[in-house]
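Please read the structure below before turning to the comments.
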Amino acid sequence: MPQCRKWPMKMKHQLNQALYNALKKLDVSVESIQLTPPKNPEFGDLSTNLALTLTKLLKKSPMEIAADIQQCLSVDTALISDITITPPGFINFRISPAYFQSLISQILKKGNQFGRGRTGENKTANVEFVSANPTGPLTVGHGRQAVLGDTVSGILEWHGYDVTREYYFNDAGRQMRMLGQSVEARYFQQLGQDISLPEDGYQGDYITAIAQNVLDTHGENLESGNPIFRKTAEDIIFGLIKSTLKNLGIIHDQFTNEKSFYESGAIDDTLQKLRDNNLIYEFEKATWFKTTALGKDQDRVLIKSTGEPTYRLPDMAYHRNKMDRNYDLVIDIFGADHIDTYPDVLSALDILGYDTEKVRVLIHQFVTLVRGGEKVKMSTRKGDYVTLDELTNEVGADVVRYFFIMRSMNSHLNFDLDLAKDHSDQNPVYYLHYAHARICNIIKHGESLGHKFTKDYNPSLLSHSSEISLLKQMDVFPEVMELALNTLEPQTIANYLQELATHFHKFYTDCKVITNDIPTTQARLALISAVRIVLANGLQILGLSTPERM
RNA sequence: GCCCCGGUAGCUCAGCUGGAUAGAGCAACGGCCUUCUAAGCCGUAGGCCACAGGUUCGAAUCCUGUCCGGGGUACCA
């Protein structure tokens, strides 16, 4: 087999260098050179718009400039098989098949390390997500954030970060008080008393079940206002939430309670520090944060006239706490309904001297549930919702996870329940699974015929156009992973894997792996082993399974 | 009013740090299994990339404005 050549990224690097050298000869300097694969493969494997960008500077036509550059260009002809110029002035490079063929040994050698970045090595990250107060079961609406947060965590881990998955909640406050009162009302109703739910009480059936539980374990003689009602509800519901998340393969490392910041004095301290900065004032018995002094269009209440803080103040204290824990990266994942809260938190952090560059806030748009062609309106309080558990149980964790990350978080997501359930066979996630299972099956089939994988395959036998494009697709994997890290947008990985699977399925129909042609069989076994690795790596980052048969 | 996100094929959406002929899945139509899994592959059809200006050699992509949808603009979280 040929020597392992350059590592994929180095390909671009080399060309970059060669182009810079050529420009030097022409006595031109530029800040950066763009080198991207052209849409139309007929133009080659990598193209640069360099000549187009230099027209103004050189006052020549881009075609002329491109020709000049090409004249001065010297490249490794073992790697670059062809250089062409096409209108309006692109310079195109065709990379020799040998380069792509040598990729296989790289992938096989690196295995589940292939495509891994080192950006996060020796760094820590905190990803806060879900953070729903335990007032009811998680709904499908929470699912998007849960999966998004876990997948973003996975991307960071892939690049070496030590990630803490964190859940922030509040077991004091109005919501939880209402929860306790709702349970209490159901409790007394079960004892035959004519008591109605509080006006804003929780109406779901689970409240009745919790009341029954209280009745069973604590008897009939509880008095109104006993904290047992709220406490029991919280315990039961939190247990439910954790199990819902676990069904999706999501486990938080840390649960942080807002209450702890009252107890530690962090909230008072935060307020005091802001006060020291002259950003706090009292008005109509409430305490205000003077955000207008920071360029915002209105001031915000931090402590209500009732003496109870709004969510903003504890949020600030909480974020200080996260910053104090010295993470290299702090990620908040919020739904679009929280979009207005974080700028104030960041302002506060900024004023208090924290490096807000470390904070990244990811906002995702809402999920609209569609059932029977109609939108389903949901409300936890009214007990009108589809739980995340119901969904997971019906279509499986992989489908749920994939549905939630296959689309950009910036887009509203229509989740068609009927489609997810009834047509689950045509779900795009199965397309990926199928590719993986097919590979496993071929390998198994080969083994049954005595074809053992050997390192002495000859990669130059992989010259079919389907084989080459499959190799090219794998070549790009590390770059896609890097992009995913920079943007923290999981759908780029999903899109990539779809394309990889497409290339594989195409290869599968065009080329038979196990044949009487031993050298070709061995080369193709090496090829699909590499594909399996890349597929599996991608699936693993997304938290999806890698079935060996379907 | 102001702020954020979106408006791309019949439907759901990719593509958006500017590049060459705008893509996928579903739905429609037509092909491909004596051969490693047809949960697959190939083909046909389907588009003023909301609209109008602007920047640029070049705009779905960047800027401005308008329209439409969603969210926020709470002493709810």
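All values below come from the heavy atoms of this structure, side chains included, with hydrogens, waters and symmetry mates left out. Sequence lines set the chain letters: A, B, ... in the order given, protein chains first and strands last, and positions in each chain run from 1.
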5′-ward residue of the pair Thr487(A)/Asp340(A) relative to RNA chain B: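 The 5'-side residue here is Thr487(A).
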Pairwise 5' ranking along RNA chain B for Gln34(A) and His445(A), keeping only the more 5' one: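 Here Gln34(A) is the residue nearer the 5' end.
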So [X], base contact, sugar-phosphate only, or nothing? Heavy-atom distance under 4.0 Å.
{"X": "Arg524(A)", "value": "nothing"}
{"X": "Phe43(A)", "value": "base"}
{"X": "Asn495(A)", "value": "sugar-phosphate"}
{"X": "Phe366(A)", "value": "sugar-phosphate"}
{"X": "Asp337(A)", "value": "base"}
{"X": "Lys506(A)", "value": "sugar-phosphate"}
{"X": "Leu449(A)", "value": "nothing"}
{"X": "Ala437(A)", "value": "base"}
{"X": "Thr36(A)", "value": "nothing"}
{"X": "His338(A)", "value": "base"}
{"X": "Asn92(A)", "value": "base"}
{"X": "Pro38(A)", "value": "base"}
{"X": "Thr515(A)", "value": "nothing"}
{"X": "Cys511(A)", "value": "base"}

In terms of ring plane angle, is the pair [X] and [Y] parallel, tilted or perpendicular, where the classes change at 30° and 60°?
{"X": "Phe255(A)", "Y": "Phe169(A)", "answer": "perpendicular"}
{"X": "His338(A)", "Y": "Phe334(A)", "answer": "parallel"}
{"X": "Phe283(A)", "Y": "Trp288(A)", "answer": "perpendicular"}
{"X": "Tyr167(A)", "Y": "His252(A)", "answer": "perpendicular"}

Those residues of residues 396-409 of chain A lying under 4.0 Å from RNA chain B by at least one heavy atom: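 Per residue number, the list reads Arg407(A), Ser408(A).
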RNA chain B-proximal residues of residues 305-316 of chain A, any heavy atom under 4.0 Å: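 Those residues are Ser305(A), Thr310(A), Tyr311(A).
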Range-with-range stems for RNA chain B, at least three Watson-Crick or G-U pairs under 3.5 Å: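 Paired runs of 3+ in RNA chain B: B:1-7 with B:67-73, B:10-13 with B:23-26, B:28-32 with B:40-44, B:50-54 with B:62-66.
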Just to confirm, is there a sub-4.0 Å distance from OP1 or OP2 of [N] to any side-chain nitrogen or oxygen of [X]?
{"X": "Tyr431(A)", "N": "A24(B)", "answer": "no"}
{"X": "Gln365(A)", "N": "G69(B)", "answer": "no"}
{"X": "Gln298(A)", "N": "A74(B)", "answer": "yes"}

Integer angstrom distance from the C1' of C16(B) to that of U61(B):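 The same atom, C1', in both gives a distance of 4 Å.
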Distance between C1' atoms of U56(B) and A74(B) (Å, rounded):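 Going atom to atom, C1' in each nucleotide, I get 46 Å.
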Gap between atoms CG and P, on Leu432(A) and G40(B) respectively (whole Å):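 So the CG-P distance, Leu432(A) to G40(B), works out to 11 Å.
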For nucleotides 54-63 of chain B, list the nitrogen or oxygen atoms of the protein found under 3.5 Å from its nitrogen or oxygen atoms, one pair per line.
residue : atom : partner  : partner atom : Å
C57(B)  : OP1  : Lys56(A) : NZ           : 3.4

Side-chain H-bond candidate by donor/acceptor type, [X] with [Y], under 3.5 Å:
{"X": "Gln181(A)", "Y": "Tyr202(A)", "result": "no"}
{"X": "Lys304(A)", "Y": "Thr310(A)", "result": "no"}
{"X": "Thr341(A)", "Y": "Arg312(A)", "result": "no"}

Presence of salt bridge, Lys444(A) and Glu548(A), under 4.0 angstrom: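 Result for this pair is no, no salt bridge flagged.
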Under 3.5 Å donor-acceptor pair, His412(A) side-chain atoms to G69(B) base atoms: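 A donor-acceptor contact between them is present.
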Side-chain donor or acceptor of Asn133(A) paired with backbone N/O of Thr135(A) under 3.5 Å: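 Between the backbone of Thr135(A) and the side chain of Asn133(A) there is no qualifying donor-acceptor contact (under 3.5 Å).
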For residues 492-501 of chain A, run the donor-acceptor check on the side chains, cut-off 3.5 Å, and write out each pair with its distance to 0.1 Å, sequence neighbours left out.
residue   : atom : partner   : partner atom : Å
Thr492(A) : OG1  : Glu489(A) : O            : 2.8
Asn495(A) : ND2  : Gln491(A) : O            : 3.3
Tyr496(A) : OH   : Gln473(A) : O            : 2.7
Gln498(A) : NE2  : Tyr402(A) : OH           : 3.0
Gln498(A) : NE2  : Pro428(A) : O            : 3.1

Results of side chain to side chain donor-acceptor pair (under 3.5 Å) for His505(A) - residues two or more places apart only: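 With sequence neighbours excluded, His505(A) shows a side chain to side chain donor-acceptor pair (under 3.5 Å) to Arg438(A), given in chain and number order.
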side-chain contact (heavy atoms from CB on, under 4.5 Å) between Gln145(A) and His364(A), worked out: CA-CA 7 Å; Gln145(A) 179 163 146; His364(A) 65 88; 3.0 Å; yes
Aromatic contact, Phe43(A) with Phe90(A) (centres under 6.0 Å):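 No: the rings miss the under 6.0 Å criterion.
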